[in-house]
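Worksheet: one structure, shown below.
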Amino acid sequence: MSKLTPMMQQYKEIKEEYKDAILFFRLGDFYEMFFDDALIASKILNIALTGRDCGLKERAPMCGVPYHSCQSYIAKLIENGYKVAICEQLEDPSKAKGIVKRDVVKVITPGTVTDENMLDDKRNNYLLSIFEGQDGFGIAYIDITTGEFYMSEIDDQNMQSKLIDEIAKIHPSEIISNQKFTENKKIVNFIKDIMDVYLTCYDEWAFEYHRAKKRLLDYLGVITLDGYGCSGKRKGISAAGALMEYVYQTQKSTLKHINGINFYSVEDYMMLDIATRLNLEITQTMRGKQKKGSLLWVLDKTNTSMGARMMRKWIEQPLLDIHNITMRLDGVEELKDNMIQRENLKDLLSNIYDIERLMGKISAGTVNAKDFIALKQSIAVLPDIKALLSSFDSELLKKYFDSLDTLEDIYKVIDEAIIDDPPNNITEGGIIKAGYNAEVDELRKAGKLGKEWIASLEKNEKQKTGIKTLKVGFNKVFGYYIEVTKSYYSLVPDYFIRKQTLANAERYVTPELKEMEFKILGAEEKVVKLEYDLFSDIRQRISKEIHRIKSVSEIIACIDCLFSFAQVADVNQYIKPELNNSSYIDIKGGRHPVVEKTIKNQLFVKNDTYLDSNNDRLCILTGPNMAGKSTYMRQVALITLLAQIGCFVPADKADLCITDRIFTRVGASDDLSSGQSTFMVEMIELANILNNATENSLVILDEIGRGTSTFDGLSIAWAAIEYISDKNRIGAKTLFATHYHELTELEGIIDGVKNYCISVKEEGEDIIFLRKIKRGGADKSFGIQVAKLAGLPQSVIKRAEEILNHLESKDINKNNIKDAIAVSVENNDAKDEQIDMYEYQYREIVDYIKNIDILDTTPLEAMNILNKLINKANNI
Ligand code: ADP
Ligand code: MG
C-alpha cells in the first residue's frame, strides 16, 4: 500500500484543523495549495493547476502563488466567499532537521480582514456573532480594524423580525452562530440570499456561557463585565465570548485595541426595517446599490475616514432621545453660523489620518514608521482643534473641548525618535533620528568614517600605483573591491589579491580593505538591529496609550460629522428642526434632500405636511403617475429621519415629534428592487407594518395592493387603512399614495383620514405637473396624458382615449361604490390652482435662466433669450 510522503502527511494534519479554509502551505518562496483547495483556487485565481508526487498512486493536484504577491490572490478568494489559512514555515529550512516545522499563523476571513487594500476606509467591516438561546438571541459584533465592539440581546415580541432588521443595520461581512440559530430557515435565507453574507456554524462549546464569559474576561483583561453594563446578559455574553474565541483563532493573538464592549438595546434607536432602509435609499440607491444618489451621498462631507464611518453609523441609527438629538442640533447650529471657524476646522480635520485603524495596526504589530509619522502629524493639529472648540458654547462642542486629549506626550515620543520621512520597511534601518540614541549615533559614525576611508582609498591607490582608471566599488556578493581595467594590469601591485575577472577588468581586494569592510558592515548590521529594537520599544510604549488615542479618534469622528451636517445645512439651505413632545409633524416648505440635488437645472417644488394623532392621522394621496407622490412621501420620512440623527432639514420650517419607527412599503409593480418584487413580498411587508407599527410610528404606503386584481387590491388597501388609522389598534401617522381613487371616499367615514392630491393642470390635451400638494382627491388619472409625454405613438393614444370614453360611460362599479358611501369631498378651489399655476410659470422662467450657457451664447441669441423671457413674464 502506498503511503503519503512525510511532508504531505504534515499537510494533511494541518488541513484537518482548517477544513473550511483554503490552506496556503508555505514551501520556499511559494504558498502551495493541494487537492480540493487547488481545484477551487486554480479556477478562481485563474492560475495553472499542476500536480505533485505525494506518495500515493495519483499525483496530488497542486497550484501555488508567490509569497511576496499573495495579497491580491487572498483578496480574490475572500471576495468569492472563501476563508484563507496562512501556514508558514516556523524554522529556517536550511537549519531544520527532517521536515520543516509549519503551522497556521493567521486565518483570513471576510470579517477579519486587516489588509488596507481589501477594506473600504469609509465603512466599518463587521464580524457578527449570533447566539440563539431558549428565549431569544444574543448578538455581538466587532470591527477588528478599529476595535469597536458591541453587544445586545433581542428577546421580546417579534424577535425574529427585529433580528433581521438589526442584521440589516449592522450589515456585517461575516456571521458566526451556534447550531440552533442555523435552523431558522427564514433568517438564514435572508442572510444568504438577500444580504449575501458568509455564515459559519461555529463550535458549540465556544457559546457555552461559562466558557464564553471566561474568554471575554481574559481577552479584555478584566475580572468583571459590570463596567460595560452587560453583566447578567447571558445570551449576549455567549455571543460575545464565541466572537472573541473566533477572533483569537483567526488572529492567533490578543489585539490590545479591543479593550471594551458597548452594550446597547435595539430600542435605544429608531427602528428601521430592511425594506425601509432600502426604500428610503439611506446609504445606497435601490437600482445601482450605489452611494451616489443616496441620503448618505448628500450628507457625507466629512474630512476623515473615522468621520465617514461615524456618519454612516449616525444615519443608520437615528436617535429617540430629545436631549441627545438637541445636543447634536445645537452643535450643528453653532458650526453652521460660524463659517470662518468651520473653514478652519475643515483644514485641520483634513490633516488627520485614519488613526483609528492605525491603532488596529499597532496592536496587530503591523505598524511601520511611516504610520507613526502619520500619527504624529494627526496629533499635531489637536491643540489647534482644541483651541477652536474653546470658542463654542453648545453643550456637545463644550463636552468635546473638555474631553479632547491633545496627546502631547505621544507626539514627543515620535518626534524625538523617528525621522520625518522613514522607509516602509522597519527592518532595514534609516528610521531613528540622530541624537535619539547614543549607540545608534556611534555606529552610524563608525560606518560613515569607514566609508570616507574607502572613498579616500581610491585616491591614494591611484597615486601609489599610477593606475589612472582605478576604481573602488561594492557589490552584494564580494563586498568592497578595487577594479583595474585591462590596459593597466601590468601596474597592479602584489598586495592586491585577485577576486574576480571580468571581460575588460579585474577586481581585487587588500587585507586593509577587507578589515574596513568588516567594520562598516558590522556597524550597519548592528545599527539596523538596534533601530528595529528601538522602534519596537516605541511601538510598545504607544500601544499602552491605545485607549487614549481611541477616545481622541472617536471625538474627532463626531466633530467631523457635526461639521459635515453644518456644511450641508449651509450649502443646501437646511433649517434647524424644532422637536415637540406632543404628537404632530408640521413641515412648511419641505423638500426631498436627494431629488432636489439630482434635478439640477430645475427648481424643486416645496410642499407642506401636517400629520397628528387626531384628525390628520392618515393622508390619502392621489394624483397621476409622475406627479410626485412617491417623492413627497419619502421627503416626509427623510425629514423625520434627518431631524432624529441631529441634522438640519430641507424645509422652511419643521416642528416634529419623535418618531419611534418609520415603515415604508412600495407596491409590487412600483418596486424597483431587482427580482424580489412579488405580491407575496409586498403582503409580508404589509403584515410586518400592521404587526409592529405604533401610534408614534410614521408609515409610508406607496401604491400597495397593485400586484393583484383591482378589486382584491382595493379591498386590501381599504382594510389596511381602516386598521392603521384605528387608534385602538395602531393609529400611526400614515401617508398613503394610491391610484385607487375610490379610496378618497373614506374621508369623512374613517376618523382621521384626509384626502390630498398633487395638482396637475390640463392644457388642452396635455398636462403640466405643478407638483403642489393640496387638499382633496384627484378625480382623474391622466394615464393617457402621461403615456403621451412618454412618446407612445399618436394612434395608440387616440385609440386609448376612445376606449376610455367608452368605459367611463359604462363605469357601473365605480358608481356603485359612490352610491354606497355618500360623502362629500372638498373640491380643489380654483383660486389655489391659479396660485399654483403662477408658481409653475415662475419656475419655468427660473429653470429657463438656469439652463442658459452664457459662454455658448452669441449676442444675437442673447437678445432672443431676453425677448423670450419678457414674453414669458408678460404671460403671468
Ligand atoms: P409618482 O410617485 O407620483 O409617480 P414621483 O414621485 O416618482 O411621482 O416623481 C416623478 C418625478 O417628478 C421625480 O423623479 C422628480 O424628478 C419629479 N418631482 C417629483 N416631485 C417633485 C417636486 N416637488 N419638484 C420638482 N420635481 C419633482
Ligand atoms: Mg410613485
Side-chain angles (χ1 to χ4, degrees), residues 275 278-281 285-288 292-295 298 572-573 587-609 619-639 649-652 664-673 677 682 700-707 713 717 735-741 743-744 755-761 767-774 777-790 835-848 850-851:
L278 296 177
N279 282 331
L280 292 180
E281 307 194 301
T285 57
M286 294 228 286
R287 239 184 246 252
K292 182 156 197 257
S294 71
L295 182 66
V298 175
N572 301 333
Q573 280 141 35
I587 300 169
K588 295 277 186 312
R591 281 129 50 207
H592 189 296
V594 182
V595 175
E596 75 165 346
K597 291 245 126 193
T598 45
I599 51 166
K600 274 239 163 65
N601 290 318
Q602 288 168 38
L603 275 188
F604 189 87
V605 179
K606 302 169 176 182
N607 271 307
D608 300 346
T609 308
C619 146
I620 292 182
L621 187 59
T622 44
N625 269 318
M626 286 300 287
K629 300 181 298 297
S630 303
T631 307
Y632 174 72
M633 295 194 299
R634 279 168 177 73
Q635 122 191 351
V636 176
L638 290 174
I639 288 175
V649 300
D652 297 335
T664 65
R665 175 54 230 168
V666 178
S669 59
D670 219 27
D671 194 342
L672 302 172
S673 67
S677 57
E682 182 186 330
I700 307 286
L701 296 171
D702 198 350
E703 310 268 12
I704 68 156
R706 250 195 174 182
L735 295 167
F736 195 123
T738 184
H739 65 291
Y740 295 127
H741 293 156
L743 291 173
T744 56
N755 291 327
Y756 288 86
C757 64
I758 300 193
S759 50
V760 292
K761 169 90 177 156
I767 50 166
I768 296 172
F769 293 112
L770 299 175
R771 311 224 183 275
K772 205 72 187 168
I773 188 160
K774 56 173 36 161
D779 43 6
K780 262 180 95 172
S781 322
F782 296 102
I784 295 176
Q785 282 90 336
V786 174
K788 198 171 151 193
L789 284 181
I835 295 172
D836 292 345
M837 199 57 204
Y838 279 151
E839 225 187 284
Y840 174 78
Q841 287 166 326
Y842 167 76
R843 238 189 321 127
E844 230 185 17
I845 294 179
V846 176
D847 289 349
Y848 188 78
K850 279 187 155 188
N851 280 306

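Atoms within each ligand, like the ligands themselves, are counted from 1 in listed order. As a basis for the values below, the full set of heavy atoms in this structure was taken, side chains included, without hydrogen atoms, waters or symmetry mates.
Look at Ala737 and you'll find every heavy atom at least 4.0 Å from all atoms of ligand 1. The shortest separation from a heavy atom of Gly623 to ligand 1 is not under 4.0 Å, leaving the residue out of contact.
With Lys772 contributing its side chain and Lys606 its backbone, the two residues share a donor-acceptor pair below 3.5 Å.
Taking any N or O of Asn607, backbone or side chain, none lies under 3.5 Å from an N or O belonging to ligand 1. Between Ala627 and ligand 1, at least one N/O pair is under 3.5 Å apart. Of the polar atoms of Gly628, at least one N or O is found under 3.5 Å from an N or O of ligand 1, judged by distance alone. For the pair Ser630 and ligand 1, the shortest N or O to N or O distance falls below 3.5 Å. When only interatomic distances are considered, the shortest N/O to N/O separation between Met626 and ligand 1 falls below 3.5 Å. Among the atoms of Val605, some N or O lies under 3.5 angstrom from an N or O of ligand 1. Residue Lys629 has at least one N or O atom closer than 3.5 Å to an N or O atom of ligand 1.
Counting heavy atoms of neighbouring residues, nucleotides and ligands inside a 6.0 Å radius, atom NZ of Lys292 does not exceed 12 of them.
Residues Ile773 and Leu621 meet the side-chain proximity criterion, which asks for heavy atoms closer than 4.5 Å.
Residue Thr598 does not touch ligand 1, judged by heavy-atom distances below 4.0 Å.
Note that the OG1 atom of Thr664 and the CG atom of Leu280 stand 5.0 Å from one another [nearest 0.5 Å].
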